[in-house]
Every structure is written in C-alpha cells, then in structure tokens.
Protein chains: 2
Amino acid sequence: MTAISPQGRTEMLRADGKPVRVLIVDDEAALSELLSMTLRYEGWEVRSAGDGAEAVRAVREFRPDAVVLDVVLPDMDGISVLRRLRREEPAVPVLFLTARDAVEDRIAGLTAGGDDYVTKPFSLEEVVARLRGLIRRSGASSVRTESLLSVGDLTLDEDSHEVTRAGRSIHLTATEFELLRYLMRNPRRVLSKAQILDRVWSYDFGGQANVVELYVSYLRKKIDAGCSPMIHTRRGAGYLIKPGE
Amino acid sequence: MTAISPQGRTEMLRADGKPVRVLIVDDEAALSELLSMTLRYEGWEVRSAGDGAEAVRAVREFRPDAVVLDVVLPDMDGISVLRRLRREEPAVPVLFLTARDAVEDRIAGLTAGGDDYVTKPFSLEEVVARLRGLIRRSGASSVRTESLLSVGDLTLDEDSHEVTRAGRSIHLTATEFELLRYLMRNPRRVLSKAQILDRVWSYDFGGQANVVELYVSYLRKKIDAGCSPMIHTRRGAGYLIKPGE
DNA sequence: GGCGTTTCTCAGGAAATTCACAGGCTGGGC
DNA sequence: GCCCAGCCTGTGAATTTCCTGAGAAACGCC
C-alpha cells in the first residue's frame, strides 16, 4: 500500500494502514541517530537498540517490519544477534551494515534469505532504498508498492535498476542512478546541492560540492540528450526534475 | 493547519490549534534577538538558549516543533548539542546556522531526514521560509499547509520555486523570488522599503537602499507586464501587492 | 596484474545575477 | 502651474554561480 502524502511524497504503509516499523541496531550513537531521523522522515516508525540484548527485547515488543543491524556490536556479534532475532521473528528481513573490508563471504552467508546489506560508509539514499526494497519484497505492505518511478516519459526501476527515456534504455553508473532516483522521488521540488550531497553521497564524503554539478551534467547528457530537458537548474537554489514542456 | 489572522497574514498552527514552538540555540545575543523577534512576529512561540546545556533543558521543558541551531557554540560544539537534543526529542527537525565556509566539512552527516541549514549571513525571509518548510514537512501541524501562495491570478510555489501569472510561467532570480514571496505572504499590506531590506536582504547587507526599488522594478516587468498591475507604490510608505482591478 | 570503468578534482570559460550610479519621471504640496 | 522629494529604470561592471573538458586516482573485473 502506498499513500501520497500532502507534500507529494509517497509513503509506505503496512497492511493495517499503520506506518512501517523499523528497528535499528547499532552502537554508534551518531550513525543510529542519523538513520533514525532519516527513516522517521520517510514516515516510518523507528525504534533503536544499542546492543544485542536490547535488540532482542525490542523485536519482541516492537514487532518491526524490518531490522537494520550493524554487524559489529559490543556484546554479541551480528550473527548471534541475528540468530536470536530470528528465533523471535523468523520472517523479519534484515539490512546489515558492514565495514567495506569485512568482506562479502561472511555477509553472503547471512543474506542467504531475503536479507540485504550495505557497506559503510553508505549514503542515506542507499539505505532507504534497500530498506524499501526489503519491505516491499517481504510483503509487509499488503498492496505491493511499485518499484517503478516515473516522471513524464522517464522511468526508473528500483529493483532492476533499469532506466528508460521514451522507451529507450539508458545505462547509468551507480552514482548517477542514485542521484536520479533522489530527484525522481522528489519531482517538482527544488533540491539544493547540499541536500543532494547529504542524501546521495556517503555521510563521510569530504569532497567538493561541485561533484553534484558534475553528476547533474552527466545525467543531462544521458537523460536529456535530444529531448526536452527534464532536469532544471534553479540558480542559487538547486535542481529539480519535472516532465518536459 | 493555517489560519488567516486579522491582518491578513497566514499563520501556521499546530494540530492542537496552539502556535508553533521554535527553540533558538545561539550564543550570539544579537543574532538570537533578531531571530526571536522575527519568529515571534510570525506568530510562533519562541524560546532561546545560549549554550548547549540550556538547550537540552529547554527542549525537555518546551518541547519545540523545530530547533534553530548555530553550529558554533561556546560550551559544546554543535554536534554534541544536536546529539543530546535528539536523545530528548528524536524527531524534532533542526535548522542549522553555519558560516559559509564551514559548510562542506561538518554539515554533511549532520543533516538527516528533514533537516536543513542556512549559511550566514542569511536573510530573515530565508530562515522563516526554511523553518516553515521544515515544520510543514515534519507533520507538526496536522493539516499540512500548502506550499502554494496565491494572490489573484498570481501563484508562487515554495517547493518548485515556480511562479505563474494567469497560468503563464515566469522566471525569477533568487532575490526576485524572495521579494515576491515576502510581498505575497503579506498581501494588501504596505511594506516599507526598510522592512523589505531587513527581511529579504541578508542582515549584513551594506548597500544602497534603492536596491529595493530596483528589484520592485524588475518584478513589475515580469509580473505586471501587460496585465493590470498588482504591485503598487504607496509614496512615502512602501509597496504592497493585491489582486488586480 | 592489467585494463576498462567510475569517481572525483581542478580550472577555464560562459552565463546569469546582483548592484551602484545617474539621469529621467511623477505626484502632490504650494 | 511649479518644484522637489521620492521613485523609476537604463547602463554597465563586478561578482557569483554554473557548466564542462581533461586528467588523476580508485575501483572492479577478469
């Protein structure tokens, strides 16, 4: 089930019409808060736990639709936490947070089911998208939300990562894809370069703000080439996407 | 929920019909005062805190709908304050105030979800607009306010920054946009050049007062061209906007 | 380890915007 | 009808903002 909020953003709802519930299990307060705030803003109900014991308690009481689990925790490792979570709630999908070098072999074993993972440092856009995907596939929301975003004759499939303009398939790199997705999830809304940077680039990105300009430029070459432009610059304010003409 | 005040200004109200509450956290007394006065005049309830400890206390008692947070504070840096605020009130949206050059290092990673920031020196119009946006999207006011302002056949969308007159789209620069927004938020009310300067230009603007005349002139060329004029001069008093005829 | 791809920095140039200045215009008091 | 403060607006220059090519560095895939 999806609902269009007054601001025009699409919200994810559960079968009973209540907001989706997410449990965040992470001992780094800063990260945990960053995620909480972001997910709340997505319209979800969030609860967070700082260690494994708390997580198990929370999953029992809170009955989340999905769990974000940092695999490095102070009192138990992620695997034990996972095991105990699963004992409580076998079907709940889990999004693992992991360091880049804490290689894929371990994670691969964990994510065998419907689970997924992102590596630190991640972008908020990525976490939100993965979570949406997990929840969508888990069937927590009764009416399946579409994975297809569209603005005018431009479409973007969040599952297959396929992008088309006027039926024509377009190849995008990972960053280009995330930028376009963020724009398309906020059509007709001006997004500042700072907002884009905070959302699409990873939280520890320390580079120049003009990467945003650069990637907008890349996108335009691929998206708006030969067509009426959909990506618009609002000088001094930011960028927005809207149907051509 | 919006209400039209007796003077014709639109006010923002919370679900319970009470005014919106804003907490200002800033150690520069002058700036803090300026903001307080401005926000009170907007019809909001304002409380201010000069340091982090006070801020934490205030957020606990006052339960603000939004926080304005200067990231440079005497006793704690903005990040710690933010963290402690969030522990008290996880969902409260924050508007960060920051120096222009400090932007790129630290702010990334702070702004999550609905948060936003403005760089010093800012214009009051900008701060108010951002705050309104933050509160509007956070859901503090039960009936969400529209992002669309309209006076006669003139409309201004604060989200898309789109302006139309009689259905015809009009391109405005950033300053023109802010000036028009200020006028349109105060329809049928005479605004003096001094008021406009104080509100639309940044607080450290040191230029000639006749920029206001200049920008009114620009606006007229774009807004009132060929139509019955909506922007009127009250000689010796100021300007006002009202529907044509 | 090599090679193509992707990400990002840097810097030059183009374009839009902001603003000062100054001369012209106007309304209203006399 | 005259005058002047107050207002309007054309011109142009400084500044800001944005766009984009070139190339270095990092990454990922055999």
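Chain naming here is simple, since letters A, B, ... match the order of the sequence lines and numbering starts at 1 in each.
Residue A:Phe205 places its side chain closer to C:dC8 than to any other of C:dC8, C:dA20, C:dT7. For A:Gln208, the side-chain atoms get nearest to C:dC10 when compared with the rest of C:dC10, C:dT7, D:dC8. For B:Thr173, the listed nucleotide lying nearest its side chain is C:dT18; candidates were C:dT7, C:dT18, D:dC8. Comparing atom distances between the A:Arg235 side chain and each of C:dC19, D:dG21, D:dC18 picks out D:dC18 as nearest. When distances run from any side-chain atom of A:Val211 to the nucleotides C:dT18, C:dT9, D:dC8, the shortest one goes to C:dT9. For B:Tyr215, counting side-chain heavy atoms from C-beta on, the closest listed nucleotide (D:dT20, D:dT9, C:dT18) is C:dT18.
One atom, NZ of B:Lys221, and another, P of D:dC7, lie 18 Å apart when rounded to the nearest Å. When rounded to the nearest whole Å, the span between CD of A:Glu178 and C1' of C:dC8 equals 16 Å. Summarising the geometry, the separation between CG on B:Leu214 and P on D:dT11 is reported as 14 Å, rounded to the nearest angstrom. If you take CG of A:Leu197 and C1' of C:dT9, they are 14 Å apart, rounded to a whole angstrom. Rounded to whole Å, the distance from CG on A:Leu179 to P on C:dT6 is 16 Å. Distance, B:Glu213 CD to C:dC19 P: 14 Å, rounded to whole Å. Regarding B:Asn210, its CG atom lies at a distance of 10 Å from the C1' atom of D:dC7, rounded to whole Å. Across the protein-nucleic acid pair, B:Lys193 atom NZ and D:dA5 atom C1' stand 10 Å apart, rounded to whole Å.
Salt bridge annotation for B:Asp116-B:Arg137: absent, with no cationic side-chain nitrogen under 4.0 angstrom from a carboxylate oxygen. Salt-bridge check for B:Asp70 with B:Lys120: passed, with a basic side-chain N closer than 4.0 Å to an acidic carboxylate O. A:Glu42 and A:Arg185 are joined by a salt bridge, as a carboxylate oxygen and a charged side-chain nitrogen come within less than 4.0 angstrom of each other.
Applying the 4.0 Å criterion to OP1 and OP2 of D:dC19, one finds that A:Thr233 has a side-chain N or O inside that range. Close to D:dG10, at under 4.0 Å from its OP1 or OP2, lies no side-chain N or O of B:Tyr218. Residue A:Trp201 places none of its side-chain N or O atoms closer than 4.0 Å to OP1 or OP2 of C:dT7. Between B:His171 and C:dT17 there is a side-chain polar atom (N or O) within less than 4.0 angstrom of OP1 or OP2. Between B:Ser217 and D:dC8, a side-chain N or O to OP1/OP2 separation shorter than 4.0 Å is absent.
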Checking salt bridge (charged side-chain N to carboxylate O under 4.0 Å, His left out) for the pair A:Arg188/B:Asp157: CA distance, chi angles, key distance, verdict? CA-CA 10 Å; A:Arg188 294 173 185 281; B:Asp157 189 311; over 6 Å; no

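Using bins of under 30°, 30° to 60° and over 60° for the plane-to-plane angle, the ring pair B:Phe205/B:Trp201 lands in the tilted bin.
Here B:Phe177 lies out of heavy-atom contact (under 4.0 Å) with every strand.
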